[in-house]
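Below: the structure, in structure tokens.
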Amino acid sequence: MTAPVVGGPGWVIRADDLRPEITDLGAFRLGLTGDPLAEPLELLWSGAAAAALDLLDGHEPSRRVRALRADCLRDLGETDAAVAEYDALVSECVGTGHEAVMRQHRGKALLAAGRADRAVDDFRRAVELRLDGDPDLLASARLALAVALTRERTPD
């Protein structure tokens with residue numbers, strides 16, 4: 001299968017399930033110095049979605065916090081709730097610089113829910129929106145699209 005894509009300092013996006021994986025905890029923590037959501041991110045990406053969700057409850061419901069909550073719900077198997085939150089977030093972000101991020105995350109929730117056909121649509125749009133942007137973000141969108149196309153052809 002395809003190799004993981006670098007997501008940022010100390011972490012990658014796994015090709016098998018499109019989830020972030022911390023590969024160098026020190027670099028990861030250094031990259032998030034000063035980020036008020038560093039602890040919930042570390043918990044979520046280390047497999048402790050319930051603990052991350054608990055920490056997120058103490059934060060104002062910004063778009064980023066709502067997106068992280070939806071990722072926690074996805075990882076906890078509450079895919080319908082995750083997709084519903086991302087539906088709202090995508091609607092709020094259409095035409096903005098955040099649309100690609102929200103579409104890509106909704107696509108991951110759709111894949112987790114077994115809806116590869118809808119995920120393909122979101123990932124295609126994320127690729128289009130990222131063509132002139134950061135090459136690493138474009139690479140992650142292309143990876144997501146490739147994975148979703150494979151699942152669309154061979155459903156779980």
Side-chain angles (χ1 to χ4, degrees), residues 1-79 81-83 85-90 92-113 119 122-148 150-151:
M1 176 155 262
T2 308
V5 171
V6 173
W11 65 280
V12 297
I13 299 171
R14 297 187 305 229
D16 61 340
D17 63 3
L18 301 177
R19 301 237 171 105
E21 176 182 0
I22 299 170
T23 56
D24 180 335
L25 188 56
F28 176 78
R29 286 178 175 166
L30 187 61
L32 290 177
T33 300
D35 186 331
L37 298 176
E39 188 176 2
L41 272 170
E42 183 176 327
L43 286 167
L44 175 62
W45 294 358
S46 298
L53 189 58
D54 286 343
L55 282 181
L56 289 168
D57 284 341
H59 292 270
E60 290 295 317
S62 66
R63 285 184 180 151
R64 185 172 179 223
V65 168
R66 290 169 52 210
L68 287 172
R69 286 182 49 76
D71 284 351
C72 290
L73 293 171
R74 176 202 64 211
D75 288 3
L76 292 168
E78 297 180 37
T79 55
V83 169
E85 183 62 43
Y86 274 117
D87 286 346
L89 286 163
V90 168
E92 292 171 23
C93 293
V94 169
T96 73
H98 300 287
E99 181 179 357
V101 173
M102 296 307 174
R103 284 188 179 277
Q104 193 161 333
H105 279 267
R106 180 172 67 182
K108 292 178 186 185
L110 288 163
L111 275 183
D122 270 338
F123 294 141
R124 276 196 177 119
R125 184 66 182 134
V127 167
E128 292 169 5
L129 291 166
R130 290 184 163 166
L131 284 173
D132 295 326
D134 182 311
D136 291 335
L137 295 175
L138 178 58
S140 73
R142 285 182 167 151
L143 170 64
L145 178 58
V147 168
T150 299
R151 293 212 190 147

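Nothing fancy with the numbering, it's 1 onward along the sequence.
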ask   = Between Phe123 and Leu111, does a side chain to side chain contact (heavy atoms under 4.5 Å, CB included) hold up when you go through it step by step?
value = CA-CA 11 Å; Phe123 294 141; Leu111 275 183; 3.9 Å; yes
Donor-acceptor pair, side chain of Lys108 and main chain of Leu18, under 3.5 angstrom = yes
note = Between Ala109 and Ala82 the two heavy atoms that sit nearest each other are CB-CB, 4.2 Å
message = If you count every heavy atom of other residues, nucleotides or ligands that lies below 6.0 Å from Asp132 atom CG, does the total exceed 12?
response = no
task = Using a 4.5 Å cut-off on heavy atoms from C-beta on, say whether the side chain of Arg106 contacts that of Leu89.
result = no
ask   = Taking atom CD of Glu85 and atom CZ of Arg74, what is their separation to the nearest 0.5 Å?
value = 13.5 Å
inquiry  = So Arg124 and Leu145, do their side chains get closer than 4.5 Å, heavy atoms only?
reply    = yes
request  = Work out which heavy atom in Ala15 is nearest to a heavy atom in Leu143; give both atom names and the distance.
outcome  = CB-CD1, 3.9 Å
query = If you measure from CG on Leu129 to SG on Cys93, what distance do you get to the nearest 0.5 Å?
reply = 11.5 Å
inquiry  = Salt bridge or not between Arg69 and Asp57? Use side-chain N to carboxylate O under 4.0 Å.
reply    = yes
Ring geometry between Trp45 and Phe28 (parallel below 30°, tilted from 30 to 60°, perpendicular above 60°) = tilted
task = Measure across Trp11 and Ile22 and return the closest heavy-atom pair with its distance rounded to 0.1 Å.
result = CB-CA, 4.1 Å
query = Which pairs, with at least one residue in residues 92-103 and sequence neighbours excluded, count as a side chain to side chain donor-acceptor pair (under 3.5 Å)?
reply = Arg63-Glu92, Arg66-Glu92, Glu99-Arg103, Arg103-Asp122
Atom CZ of Arg142 with >12 non-hydrogen neighbours under 6.0 angstrom = no
ask   = When rounded to the nearest 0.5 angstrom, what is the spacing between CG in Leu56 and CG in Asp71?
value = 9.5 Å
Shortest non-hydrogen separation from Cys72 to Ala49 and the atoms involved = SG-O, 3.6 Å
remark   = Shortest non-hydrogen pair, Ser140 vs Val5, comes out as N-CG1, 3.9 Å
inquiry  = Are the side chains of Val147 and Thr150 in contact, using a 4.5 Å heavy-atom criterion?
reply    = no
ask   = Hey, does the side chain of Tyr86 reach the backbone of Ala67 with a donor-acceptor pair shorter than 3.5 angstrom?
value = yes
inquiry  = A side-chain contact here means heavy atoms from C-beta on lying under 4.5 Å apart; do Pro135 and Leu138 qualify?
reply    = no
request  = Can you see which heavy atom on Gly107 is nearest to which on Ala119, and at what distance?
outcome  = O-CB, 3.4 Å
request  = Would you check if there is a donor-acceptor pair between the side chains of Arg125 and Gln104 at a distance under 3.5 Å?
outcome  = no
remark   = d(Leu110 CG, Arg151 CZ) to nearest 0.5 Å is 12.0 Å
query = Which residue pairs satisfy the salt bridge (charged side-chain N to carboxylate O under 4.0 Å, His left out) criterion with at least one member in residues 20-29, sequence neighbours excluded?
reply = Arg29-Glu42
message = Between Glu39 and Leu44, does the side chain to side chain contact (heavy atoms under 4.5 Å, CB included) criterion hold? Intermediate values first, please.
response = CA-CA 9 Å; Glu39 188 176 2; Leu44 175 62; over 6 Å; no
ask   = Just by modelled atom types, is the Gly10 backbone N or O under 3.5 Å from a matching donor or acceptor in the Thr23 side chain?
value = yes
